[in-house]
Each structure stands twice: as C-alpha cells, then as structure tokens.
Amino acid sequence: MIDLNGRVAIVTGAGGGLGRSHAHLLAERGARVVVNDLGDGAGTVAGEIRQAGGEALAFTGSVTDAPRMQAMADAAMDRWGRVDILVNNAGILRDKTFAKMDLDDFRLVVDVHLLGAANCTKAVWDIMRRQEYGRIVMTTSSSGLYGNFGQSNYGAAKMALVGLMQTLALEGKKYGIRVNCLAPTAATQMMEGILPAEQLDLLRPELVSPAVLALSGEDAPTRAILCAGAGSFELAHITLNEGIHLTGGAPAAEALLDRWTELADRNGDIVPEQGFDQSRLELDKAGFKAPAGAE
C-alpha cells in the first residue's frame with residue numbers, strides 16, 4: 001500500500017482532466033496537494049479534496065511564469081514545510097502540419113510543456129536536494145516518443161522532456177530524487193474530436209493516475225518511461241544497438257547505406273546508463289579499450 005501521509009505534492013494543470021484525477025488520487029493516499037491551474041478549476045479541485053477530508057491548496061498561475069512557480073513552491077513550504085512530489089502535467093495543443101504551423105504556436109507549446117516543466121522543477125529542486133527526497137513526474141507522450149502527424153511542436157516538446165528526465169535522474173540520484181516520465185493516453189479536453197465516444201469512455205483519466213501514484217511513492221523507480229491508458233501499462237525504452245564499424249580512413253556514406261540492413265539489426269540492443277555510453281561503444285568497436293574504471 002503506497003502511503004503518502006506526511007508528503008506534499010504539487011500537481012500542475014490540475015483543474016480538470018488528468019491533473020484533477022492525479023491530485024485526487026494523491027490526496028486519497030494522504031498527500032497534501034497544491035492544485036495548480038490557470039483559472040477557477042484549481043480552487044474547485046482543491047475544494048473537492050478538502051470536502052473529501054484531504055488537505056489542498058489552490059494556486060493559480062501559468063507554468064511559463066517562473067517567478068510565479070517559485071512563489072507556488074514557496075507557498076507549499078510556508079504551509080507545510082516541504083515538497084516531496086511534483087507532477088508536471090500542464091499542457092496545451094496547437095495541432096497543425098508543420099507546413100501550416102505558425103512558429104509562434106511552435107514556441108508556445110514548447111514554452112508550456114518543456115520550459116513550464118523546467119520552471120516548476122527548478123522551483124522545487126533545491127528543496128528536494130536539501131531534504132534528500134523527491135519524486136518528479138514529467139508528462140511525455142507517444143507523440144514525442146514515436147511521432148504523430150500534425151504535432152511537430154507537441155512531439156518536440158514531449159521528447160525534450162524525456163531528455164530532461166534522463167539527466168535530472170542522474171543528477172538527483174545521490175539526493176534521493178527519483179525522476180520519471182509518464183506517457184498517458186486519456187480522454188481529456190485535448191482528445192475531444194480525435195476519437196469516438198466509445199473509445200474515449202475506455203480512456204478515463206482515473207485509469208492513468210495509478211501510474212502517477214506508483215511513480216510518487218517511496219519505492220518509485222527512476223528513469224522510467226511509463227505508458228498508461230485504459231487500464232494498461234507499458235514501459236518505453238530508448239535503446240542503442242551494436243551497429244557497425246567502418247574501417248579504412250574516413251567512413252564513406254555509400255558504405256553506410258550499403259550496410260544499412262546490418263546497421264539496423266536490433267539484436268543485442270542495450271539501454272545506455274548515460275549518454276557517454278555511446279562514445280564508449282564506438283571507441284570499443286574502433287579498437288580502443290578504455291582503462292578499467294575510466295569514466
């Protein structure tokens with residue numbers, strides 16, 4: 001049983017949809033929750049949590065406003081003295097093909113999803129380092145992991161969050177901070193008109209929120225990309241295959257293409273521990289063996 005009594009959680013974009021569901025489930029398990037959103041929804045959801053016997057604080061403001069997000073973290077500290085969990089859930093859509101997309105819409109989506117998550121994470125990072133405990137969930141998407149027609153801005157921002165998660169998990173490890181990504185599929189306002197009603201009914205937000213709870217508890221993993229929807233859960237991985245090594249001076253592009261099938265062979269894929277593992281693999285194939293224990 002995941003017990004969050006004594007823990008303090010911040011959930012962004014929690015005035016409805018997935019964020020509301022996340023906030024309610026964390027509160028049901030004992031967390032005191034800061035409910036963030038742009039408008040009245042934050043107060044409504046905080047009121048629902050209090051009515052159900054939980055503790056909640058509404059805090060309005062855009063995740064793109066770094067000083068406001070710092071003020072949110074400060075408010076949590078003033079009220080409860082710690083911040084243990086951050087769920088970066090806030091997001092928007094501005095879907096168009098890249099040919100028709102205004103770059104302002106590209107920037108806006110990146111600002112909300114990527115920089116918004118960075119703003120909120122920065123606001124709590126030193127708090128979590130000092131208390132040597134933290135759980136952070138970045139909301140990525142299959143649109144970022146695998147691409148989706150008409151979502152170049154959204155996909156770019158969501159994949160960038162995976163890179164942010166990977167690095168922060170490494171940097172936070174010695175401080176007891178665990179950082180993960182959630183790739184949800186849920187019937188939210190952003191999904192209306194995309195899928196038929198009978199499918200949307202199977203994609204209720206409350207069927208995703210257990211994934212957030214799992215990533216928020218004492219025994220949470222770190223550096224996972226957890227996919228969730230319709231009561232199903234999967235793990236996505238960014239892997240590196242064995243590849244090939246081209247000898248004889250400067251590699252020829254033609255030789256690379258000639259051996260593409262061999263290059264694309266995924267037998268023996270690995271999940272690198274860090275980015276430098278790519279260099280390590282490539283140097284090994286080139287005949288250079290790093291000394292034992294070398295970084």
Side-chain angles (χ1 to χ4, degrees), residues 4 7-27 31-49 54-77 79-80 82-94 108-125 127-128 134-141 144 154 157-158 160-162 164-165 168 177 179-184 186 188-190 205-206 208-209 211-213 215-216 226 228:
L4 299 181
R7 300 297 186 192
V8 176
I10 295 174
V11 184
T12 67
L18 278 169
R20 175 181 177 272
S21 178
H22 299 340
H24 270 282
L25 183 55
L26 294 177
R32 294 165 287 189
V33 182
V34 178
V35 181
N36 163 259
D37 215 308
L38 286 173
D40 295 339
T44 300
V45 173
E48 292 169 353
I49 290 172
E55 293 185 64
L57 170 67
F59 198 95
T60 58
S62 171
V63 294
T64 63
D65 184 344
R68 185 66 177 160
M69 294 302 96
Q70 184 61 60
M72 178 172 66
D74 293 343
M77 292 295 289
R79 175 73 69 93
W80 293 307
R82 59 188 299 117
V83 178
D84 301 286
I85 300 160
L86 169 65
V87 181
N88 285 307
N89 171 75
I92 60 169
L93 286 177
R94 295 291 186 274
L108 179 60
V109 169
V110 171
D111 281 349
V112 172
H113 289 274
L114 175 58
L115 295 180
N119 289 337
C120 296
T121 303
K122 185 66 172 176
V124 304
W125 191 252
I127 295 169
M128 291 181 173
R135 301 290 182 265
I136 298 173
V137 179
M138 307 287 186
T139 305
T140 186
S141 170
Y154 184 75
K158 289 303 193 183
L161 284 168
V162 175
L164 180 61
M165 175 274 288
L168 292 185
I177 303 172
V179 191
N180 295 283
C181 277
L182 170 69
T188 66
Q189 189 174 9
M190 292 196 297
E206 58 266 29
V208 171
S209 294
V212 169
L213 180 60
L215 299 178
S216 299
L226 178 58

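Just so you know, these numbers use all the heavy atoms, side chains as well, and skip hydrogens, waters and symmetry mates.
Proximity of V34 to M72: side-chain heavy atoms (C-beta onward) are separated by under 4.5 Å at one or more points. By the 4.5 Å heavy-atom criterion applied to side chains, I10 and C120 are not counted as neighbours. Between F59 and V35 there is no side-chain heavy-atom pair separated by less than 4.5 Å. Contact annotation: the side chain of H22 approaches that of V208 to within less than 4.5 Å [non-hydrogen atoms, C-beta and beyond]. I92 has its side chain within reach of V109: a pair of non-hydrogen atoms, C-beta onward, lies under 4.5 Å apart. In this structure the side chain of T64 never reaches within 4.5 angstrom of the side chain of L115, judged on heavy atoms. Contact annotation: the side chain of L114 approaches that of L161 to within less than 4.5 Å [non-hydrogen atoms, C-beta and beyond].
A search for side-chain contact (heavy atoms from CB on, under 4.5 Å) contacts involving D74 returns Q70, not counting sequence neighbours. Every side-chain contact (heavy atoms from CB on, under 4.5 Å) that T121 has, sequence neighbours left out, goes to L86, N88, W125, I136, M138, L168. Residues satisfying the side-chain contact (heavy atoms from CB on, under 4.5 Å) test with R135, not counting sequence neighbours, are I85, Y133, R178, A220. When the salt bridge (Lys or Arg N to Asp or Glu O under 4.0 Å) test is applied to R94, no partner is found at least two apart in sequence or on another chain. The side chain to side chain donor-acceptor pair (under 3.5 Å) search around N180 returns none, not counting sequence neighbours. Partners of S216 by side chain to side chain donor-acceptor pair (under 3.5 Å), not counting sequence neighbours: none found. Taking A66 as the reference, N119 meet the side-chain contact (heavy atoms from CB on, under 4.5 Å) condition, with sequence neighbours excluded. Residues that satisfy the salt bridge (Lys or Arg N to Asp or Glu O under 4.0 Å) test with E48, not counting sequence neighbours, are R20.
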Let's go through L26 and V11 carefully: what are the C-alpha distance in whole Å and the side-chain angles of both, what is the deciding distance for side chain to side chain contact (heavy atoms under 4.5 Å, CB included) to 0.1 Å, and is it a yes or a no? CA-CA 9 Å; L26 294 177; V11 184; 3.9 Å; yes
Between V33 and E55, is a side chain to side chain contact (heavy atoms under 4.5 Å, CB included) present by the stated rule, with each step listed? CA-CA 6 Å; V33 182; E55 293 185 64; over 6 Å; no
Could you walk me through whether K158 and H113 pass the side chain to side chain contact (heavy atoms under 4.5 Å, CB included) test, one step at a time? CA-CA 7 Å; K158 289 303 193 183; H113 289 274; 3.0 Å; yes
For side chain to side chain contact (heavy atoms under 4.5 Å, CB included), just list the numbers for L213 and L4, CA-CA rounded to whole Å, side-chain angles, deciding distance to a tenth of an Å, and then say yes or no. CA-CA 9 Å; L213 180 60; L4 299 181; 3.8 Å; yes
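The closest donor-acceptor contact from the side chain of T140 to the backbone of V162 lies at 3.5 Å or more, if one exists at all.
Among all heavy-atom pairs drawn from L215 and C181, the shortest one is CD1-O, 4.1 Å. In plain terms, the two heavy atoms of A73 and V83 that are nearest each other are O-CG2, 4.3 Å. For A23 against I49, the heavy-atom pair with the smallest separation is O-CD1, 3.9 Å. Nearest heavy atom pair, residue A211 against residue L182, reads CB-CD1, 3.7 Å. For the residue pair P205 and A186, the shortest heavy atom distance occurs at CA-CB, 4.1 Å. Closest of all the heavy-atom pairs between A14 and V45 is O-CG2, 3.3 Å.
Identified under the salt bridge (Lys or Arg N to Asp or Glu O under 4.0 Å) test for residues 109-123, with sequence neighbours left out: none. Residue pairs meeting the side chain to side chain donor-acceptor pair (under 3.5 Å) criterion with at least one partner in residues 34-46, sequence neighbours excluded, do not occur; the list is empty.
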